[in-house]
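What follows is a single structure, written as structure tokens, with notes after it.
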Amino acid sequence: LFSGVAQCGCWTCLDEFNRIDIEVLSVIAQQLLTIRQALVQKVDTFMFEGREIRLKPTCGVFITMNPGYAGRTELPDNLKALFRPVSMMVPD
């Protein structure tokens with residue numbers, strides 16, 4: 001998924017992100033960090049999971065979470081650092 005997002009420059013939104021197992025979140029964090037570092041360095045290609053791929057800088061990853069519900073996982077700090085929090089609420 002993330003290789004395709006980086007190569008085609010599209011955006012993806014992953015819903016209920018904090019329902020993913022902590023072991024999987026760790027892998028995702030490493031992959032996203034690799035993409036982020038490539039974006040910061042403004043490179044055309046970079047190594048991703050052992051393959052050299054092209055990078056389109058328009059790519060983006062967004063997540064949604066519903067904290068506080070049963071079965072939700074707290075995001076690791078290294079993954080939290082890759083996203084900006086935005087809160088939403090129902091208007092009265």
Side-chain angles (χ1 to χ4, degrees):
L1 172 72
F2 298 120
S3 174
V5 167
Q7 291 179 80
C8 74
C10 67
W11 295 357
T12 186
C13 183
L14 306 172
D15 193 25
E16 297 286 331
F17 192 71
N18 54 333
R19 292 184 69 186
I20 299 173
D21 291 333
I22 190 71
E23 296 83 11
V24 178
L25 287 176
S26 176
V27 173
I28 291 171
Q30 186 58 46
Q31 292 176 341
L32 290 177
L33 181 60
T34 301
I35 294 170
R36 170 113 171 84
Q37 289 171 336
L39 287 167
V40 168
Q41 295 170 4
K42 299 182 184 203
V43 296
D44 293 326
T45 62
F46 69 105
M47 291 300 291
F48 185 80
E49 298 289 303
R51 290 180 35 226
E52 185 173 4
I53 64 172
R54 293 186 56 78
L55 175 66
K56 287 198 176 179
T58 55
C59 66
V61 177
F62 303 89
I63 61 172
T64 67
M65 298 182 358
N66 288 317
Y69 293 125
R72 301 307 197 268
T73 305
E74 182 69 22
L75 292 185
D77 289 339
N78 62 339
L79 192 53
K80 277 187 198 175
L82 298 174
F83 294 97
R84 293 183 184 167
V86 175
S87 297
M88 296 171 40
M89 50 193 256
V90 177
D92 54 0

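Only heavy atoms go into these numbers, but all of them, side chains included; no hydrogens, no water, no symmetry mates.
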Can you see which heavy atom on Ile35 is nearest to which on Ala6, and at what distance? CD1-CB, 4.2 Å
To the nearest 0.5 Å, atom CG of Asn18 lies from atom CD of Glu74 at 8.5 Å
In the single-linkage hydrophobic clustering (I, L, V, M, F, W, Y; side-chain heavy atoms under 4.5 Å), do Ile63 and Val27 co-cluster? no
Give a yes or no on whether the backbone of Ile22 and the side-chain of Ser26 come within a donor-acceptor separation of less than 3.5 Å. no
Enter the distance from Asn66:CG to Asp15:CG here, rounded to the nearest 0.5 Å. 7.5 Å
Assigning hydrophobic clusters by single linkage (Ile, Leu, Val, Met, Phe, Trp, Tyr; side-chain heavy-atom cutoff under 4.5 Å), is Ile53 placed with Leu1? yes
Shortest non-hydrogen contact from Asn78 to Ala29? ND2-CB, 3.8 Å
Are any non-hydrogen side-chain atoms of Leu82 and Val61 less than 4.5 angstrom apart? no
Would Leu79 end up clustered with Val24 when hydrophobic side chains under 4.5 Å apart are linked, directly or stepwise? yes
Could you list all the ring-ring contact (aromatic ring centres under 6.0 Å, His included) pairs where at least one residue sits in residues 44-68, not counting sequence neighbours? Trp11-Phe62
Indicate yes or no: at least one non-hydrogen side-chain atom of Phe17 is less than 4.5 angstrom from one of Ile28. yes
State yes or no: do Leu55 and Met47 share one hydrophobic cluster built from I, L, V, M, F, W and Y residues joined by side-chain heavy-atom distances below 4.5 Å, directly or via other members? no
Contacts of Glu16 that satisfy salt bridge (Lys or Arg N to Asp or Glu O under 4.0 Å) - sequence neighbours left out: Arg72
List the steps and the verdict of side chain to side chain contact (heavy atoms under 4.5 Å, CB included) for Asp77 and Lys80. CA-CA 5 Å; Asp77 289 339; Lys80 277 187 198 175; 4.0 Å; yes
Between Thr58 and Gly9, is there a donor-acceptor pair closer than 3.5 Å when you use the side chain of the first and the backbone of the second? yes
